[in-house]
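Just below is one structure, and these are the notes that go with it.
Numbering of ligands and ligand atoms starts at 1, following listing order.
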Amino acid sequence: MKDSSYLKVIAIDGPAGSGKSTVARIVADRMNMIYLDTGAMYRAVTYYLIRIGFFESKSSDICSILNSLKLEFNDSKILLNGKDISEEIRSPRIDAEVSDIAKRKEVRAFLTEMQRKIAKRGNVVIEGRDIGTVVIPEAPLKVFLTASVKERARRRYLQLRSKGIETDIKKIEKEIRKRDEIDSTRKLAPLVKPRNAVEIDTTNLSVEEVVNMIIEMGKERFEKT
Ligand code: CDP
């Protein structure tokens with residue numbers, strides 16, 4: 001039987017730079033739905049672990065650390081124990097560490113539960129790497145966004161530059177390839193196209209085109225349910 005609590009959920013998965021965040025945010029806005037960026041959650045946990053020196057202290061118990069952490073969402077901001085860390089979690093240091101943290105069983109269990117709780121309320125566009133496969137496989141619309149590595153590196157480069165972060169496009173491409181490799185080969189919840197997901201290659205599509213495709217499909221699916 002279908003789980004009715006997930007009736008109005010759009011699950012968007014895909015690799016870094018495939019346009020998930022940009023597209024998901026606009027779709028949510030136009031369809032009057034909540035936007036949930038699960039990557040920001042993994043980034044926030046990584047930020048916290050770096051800040052408390054987790055990597056240096058071998059004896060730390062990750063479960064108790066996670067339980068001392070409060071994540072909240074306020075509009076498009078993410079708050080960690082009350083502090084807005086939306087900017088800090090986008091740093092190259094976090095880019096480099098996040099996939100290793102996201103491999104951990106305790107971290108995934110902790111965040112997956114939190115994501116399901118939010119999605120159960122319905123009316124959510126939720127994006128990440130394992131939403132359609134593990135977090136909410138029963139979502140009525142599952143989308144898998146892709147794009148060539150070169151195009152994804154170019155997008156990330158422009159994004160960082162617009163924030164005043166100077167970097168090298170080759171370095172970004174290498175980092176993206178490395179993250180793709182870790183994310184798609186890990187044992188737990190690897191990045192793969194979910195069953196029944198609609199795949200959209202965004203390499204040569206504008207944001208507007210992708211947004212419109214998803215909104216059309218969303219309306220059609222939600223009418224049926
Ligand atoms: O924005 P970008 O696509 O570069 O990355 P993100 O969506 O912020 O996700 C950062 C990292 O978190 C990914 O590379 C994954 O390692 C991890 N992640 C995950 O494992 N599962 C998710 N549902 C979302 C992100």
Starting from [atom], find the nearest protein heavy-atom neighbour and note its residue, name and distance.
atom	result
atom 17 (C) of ligand 1	Ala102 CB, 3.7 Å
atom 1 (O) of ligand 1	Arg156 NH2, 3.3 Å
atom 16 (O) of ligand 1	Asp183 OD1, 2.6 Å
atom 24 (C) of ligand 1	Thr38 OG1, 3.4 Å
atom 21 (N) of ligand 1	Arg108 NH2, 2.9 Å
atom 7 (O) of ligand 1	Arg129 NH1, 3.1 Å

Using a 4.0 Å heavy-atom cut-off, say whether Arg43 meets ligand 1 through its side chain, its backbone, both or neither.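 Looking at Arg43 and ligand 1, just side chain atoms fall under 4.0 Å.
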
With a 4.0 Å cut-off, would you call Lys171 and Glu175 a salt bridge?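 Not counted as a salt bridge, because no side-chain N and carboxylate O are separated by less than 4.0 Å.
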
So does Asp130 pair up with Arg108, basic N to acidic O under 4.0 Å?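 Looking at Asp130 and Arg108, the cut-off is met.
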
Any atom of ligand 1 sitting under 4.0 Å from a heavy atom of Lys103?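 No.
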
Please check if Phe110 and Ile126 belong to a single hydrophobic cluster, counting links between Ile, Leu, Val, Met, Phe, Trp and Tyr side chain heavy atoms closer than 4.5 Å.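 Linked within one cluster.
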
Would Phe73 and Val98 show up in the same hydrophobic cluster when neighbours are defined by side-chain heavy atoms closer than 4.5 Å?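 Same cluster.
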
List the steps and the verdict of side-chain hydrogen bond (donor to acceptor under 3.5 Å, both in side chains) for Asn81 and Lys70. CA-CA 5 Å; Asn81 297 339; Lys70 190 166 149 226; over 6 Å; no

Expected output: side-chain Glu97 to main-chain Ile94 donor-acceptor under 3.5 Å: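 Here the side-chain-to-backbone pair does not exist.
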
